[in-house]
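Since the structure comes first, as structure tokens, the remarks are kept for the end.
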Amino acid sequence: MSKYTTEALRSVALVGHGAAGKTTLAESLLLATGAINAKGSVEKGNTVADFDAQEKEAGHSLTSAIVNFGYENTRVHLIDTPGYPDFSGQAIAALAGVDTALIVVNAQTGVELMTERMMRYAAERKLCRMIVINKIDAENLNLPGLVADIRERFGKQCMLLDLPAHGAADVVEVLEHDAGDADFESVAAAHRALIDQIVEEDEDLLAQYLEDGADPTATALHAPFEKALREGHLIPILFTSAKTGAGIRELLHVLASLAPNPAEGNAPPFYKGEPGDKTEPFLAEPDASKHVLAHVFKVVADPYLGKIGIFRVHQGTMQKDMQLFVGDSKRPIKVGHLYQLQGKDSIEVDQLLPGDIGAIAKIEEIDFDCVLHDSHDEDHIHLVPLEFPKPMAGLAVETKKKGDEQRLFDILGKLAMEDPTFVVERHPTSNETVVRGLGEIHLKSKLARMAGQYKLEVDTKPPRIPYCETITAPAEAMYRHKKQSGGAGQFGEVHLRIEPKGRGEGFEFVDAVKGGVIPGVFMAAVEKGIRQGLEGGVVAGYAVDDLKVTVFDGKTHAVDGKEVAFTMAGRKAVIEAIRGAKPIVLEPIVSIEIIVPESAIGDLTGDLSGRRGHITGTDGRGHGMSAISGEVPLAELNDYQSRLKSLTGGQGSYTIEFARYAAVPPNVQQQLASKFQLHDEDE
């Protein structure tokens, strides 16, 4: 039996850019609450959150880790997340398990790429947000300038909740204090600005405040403070040094007294129905007496415990030995063991309440993003999915040793199961197995895991670029498939029209046949043939997309009309139509952000222009570094890591994210088409 109630639970994710000190901050919180006896360090590889051998070797987090601790009669579930963009899938997924996002900012480097991304993701998820400026013990800081930059980027609702004092040796809280010493700003001014912001959330409280001029009590301020957090009208700024411990107690007090409990945060966006059909919002109530509803936001393939599903309980009480349903499955699973996680340690518990984060092991039916429930009343309930960056960096992989192909697919399946931004593709035309991730470092970590944990070595090479084809004009075509070779023959005739659709709108099939000229039983065969024709491409051998195909006429034969005939007729007709619809080849364009020394900006912008890219902006990052933003075709980045290393002396890094598809230049299309023609001739 848990000694905490749902009202006493807090769930928090530490997010932000790499090297902001999130893992060390988690370690300091665990030490201050007595959850551990000695503080580990990232450098020594002995922290609670970075327990994986790969993380210890890398010196930074590669995956999210869950820890928990008690403070001031509350229980805090905290998720430490990776900060480097290549591993952002783990950080984004963690947002589905918490009510509050603590965006950790490095006081030395300020607002960085992942700071902005995670602020945006957390806002889109309607999470309560707080900013923690860490490493305030560092030298040569400009904290007032950093606060001004935060407000300029994220809005005036970013307000001081405490201030560094005595040379950053400690901090002074400003909500309940209107006087005191601070290293910058005025405690009294920060206190007054914060109170003014909070009381605006409650008309009665505001009227009383304006009338008598006295500060409301902490109790009276609690509800409007929570409302301001929920609605994004207040984003508190706090200061800490995870290294010295400055601000750690104050942060713990904020988590216990001001961070929302499950009933105070914004309700998670559940809905009932199936994607593509009619749906309606579903309110999960953090009531321990109701049916169980939990959401799986992380899956781990553990070598000892097997498949582990890590979830947040949103409704009801989950108990050991109870039966649960996974998604819309009709067959229940039995919860033999129920766990809470403390880094690598699995602590068995008897029950979990709404707001708890827990885990179940050895249940193969569990997948990332699935919903667990104990009653068929909750069938067809889903959580609105998070939006992850599209993995664009790719490698074609093949086993070094013949006979290991099945092992390769099994292992890649496990890696993809754990990471929503790691995708495995099989390309029949090129006979390639391609893995895609968010960057070179992301893919290297997966290959290292395959070699280290699974003892499988692979060879790699650049994959084929995922071009596609589309049409730019409408066209019509017909094809009659007629075959007679003694005995029963084959006959099918299809007339169709194709029209271009908007970029990204996909394929649409319309049956406009009247009078039964193509019997209904054969329309599935026609559509099958059309899809086969689209898969093979017409210009350069890449799949055709973003078009509408309308079948409006045809003929059959009473004896020779067969499915195979209509499949062939559909395929040939759509190919003929595409040839007359001004087809073009599209290529993936990626957004790129390059962090480089300021002295290398000229060389980098020139190199990017030579790769058919264009610059959209530059931004100073301090310490002699700048960020270059732009767009560039993915096909131009095959050798970019080595080129960047050469131009920056090894100091540059970059991240890419899918932006859109765009038409390739005519000369590139001609090159691709000529290769396709040669390939056709070979066949």
Side-chain angles (χ1 to χ4, degrees), residues 1-14 25-26 28-36 48 66-80 94-102 127-130 132 161 173 175-176 217-230 236 238 248-268 283-295 297 310-320 338-343 347-359:
M1 179 75 73
S2 173
K3 65 178 182 178
Y4 293 96
T5 62
T6 290
E7 289 70 25
L9 294 175
R10 309 287 184 268
S11 58
V12 178
L14 294 178
L25 185 59
S28 296
L29 295 170
L30 289 168
L31 179 67
T33 56
I36 56 176
V48 175
I66 294 93
V67 300
N68 60 83
F69 49 83
Y71 190 75
E72 292 181 0
N73 298 316
T74 62
R75 192 75 186 169
V76 179
H77 295 286
L78 184 141
I79 308 178
D80 177 36
L95 298 180
V98 300
D99 298 309
T100 304
L102 289 186
L127 296 181
C128 298
R129 290 168 290 163
M130 300 184 186
V132 178
L161 194 55
E173 190 271 339
L175 180 61
E176 298 181 25
T217 64
T219 302
L221 286 170
H222 184 84
F225 186 96
E226 297 296 342
K227 182 181 178 186
L229 281 180
R230 283 196 304 274
L238 301 104
I248 296 299
R249 289 286 175 185
E250 289 76 9
L251 175 57
L252 283 167
H253 177 69
V254 167
L255 294 178
S257 62
L258 296 175
N261 66 43
E264 292 171 326
N266 285 317
L283 179 62
E285 300 180 55
D287 184 336
S289 66
K290 289 187 173 290
H291 288 161
V292 170
L293 194 70
H295 173 259
F297 64 86
I310 300 170
F311 54 85
R312 157 79 179 264
V313 181
H314 290 279
Q315 178 178 288
T317 301
M318 189 179 293
Q319 297 182 349
K320 178 183 175 182
L338 203 54
Y339 301 100
Q340 284 190 335
L341 301 176
Q342 189 75 317
I347 301 157
E348 193 158 358
V349 295
D350 291 330
Q351 68 173 28
L352 296 170
L353 299 175
D356 269 326
I357 292 176

Rounded to the nearest 0.5 Å, what separation is found between the [atom1] atom of [X] and the [atom2] atom of [Y]?
X	Y	atom1	atom2	answer
Leu338	Ile347	CG	CD1	12.5 Å
Glu285	Leu293	CD	CG	11.0 Å
Asn68	Leu29	CG	CG	12.5 Å
Asn261	Thr5	CG	OG1	8.0 Å
Leu9	Arg75	CG	CZ	9.5 Å
Ser11	Ile66	OG	CD1	11.5 Å

Any side-chain heavy-atom pair of [X] and [Y] under 4.5 Å:
X	Y	result
Gln340	Leu352	yes
Leu78	Phe69	yes
Thr33	Val76	no
Leu258	Leu161	yes
Glu348	Tyr339	yes
Val313	Gln351	no
Asp350	Gln319	no
Phe297	Ile357	yes

Step by step, would you call Val98 with Val12 a side chain to side chain contact (heavy atoms under 4.5 Å, CB included)? CA-CA 5 Å; Val98 300; Val12 178; 5.6 Å; no
Please give me the minimum heavy-atom distance between [X] and [Y], naming the atom from each residue.
X	Y	answer
Pro286	Ala263	CG-CA, 3.9 Å
Ala35	Gln342	CB-NE2, 4.1 Å
Tyr4	Gly70	OH-CA, 3.8 Å
Pro236	Phe225	CG-CZ, 4.0 Å
Met318	Ala294	CE-CB, 3.8 Å

With [X], which residues qualify under side chain to side chain contact (heavy atoms under 4.5 Å, CB included), at least two apart?
X	answer
His253	Glu72, Glu176, Ser257
Leu31	Ile36, Lys39
Thr217	Thr219, Ala220
Ala288	Thr317, Leu353, Pro354

Test salt bridge (Lys or Arg N to Asp or Glu O under 4.0 Å) applied to Glu7 - qualifying residues, sequence neighbours left out: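 Partners of Glu7 under the salt bridge (Lys or Arg N to Asp or Glu O under 4.0 Å) test: none.
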Do Leu102 and Leu25 pass the side chain to side chain contact (heavy atoms under 4.5 Å, CB included) test, and can you show the C-alpha distance, the side-chain angles, and the key distance before you say yes or no? CA-CA 11 Å; Leu102 289 186; Leu25 185 59; 5.7 Å; no
Do the side chain of Arg10 and the main chain of Thr74 share a donor and acceptor less than 3.5 angstrom apart?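 The answer is no, because no donor-acceptor pair under 3.5 Å joins these two groups.
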Taking Asp287 for its side chain and Gln315 for its backbone only, find out whether a donor-acceptor pair lies under 3.5 Å.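 No: the side chain of Asp287 does not pair with the backbone of Gln315.
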Can you tell which of His222, Lys227, Arg230 makes a side-chain hydrogen bond (donor to acceptor under 3.5 Å, both in side chains) with Glu264?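 Of the listed options, the one satisfying the test is His222.
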Residues in ring-ring contact (aromatic ring centres under 6.0 Å, His included) with His77, at least two apart?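 ring-ring contact (aromatic ring centres under 6.0 Å, His included) check on His77 returns nothing, list empty.
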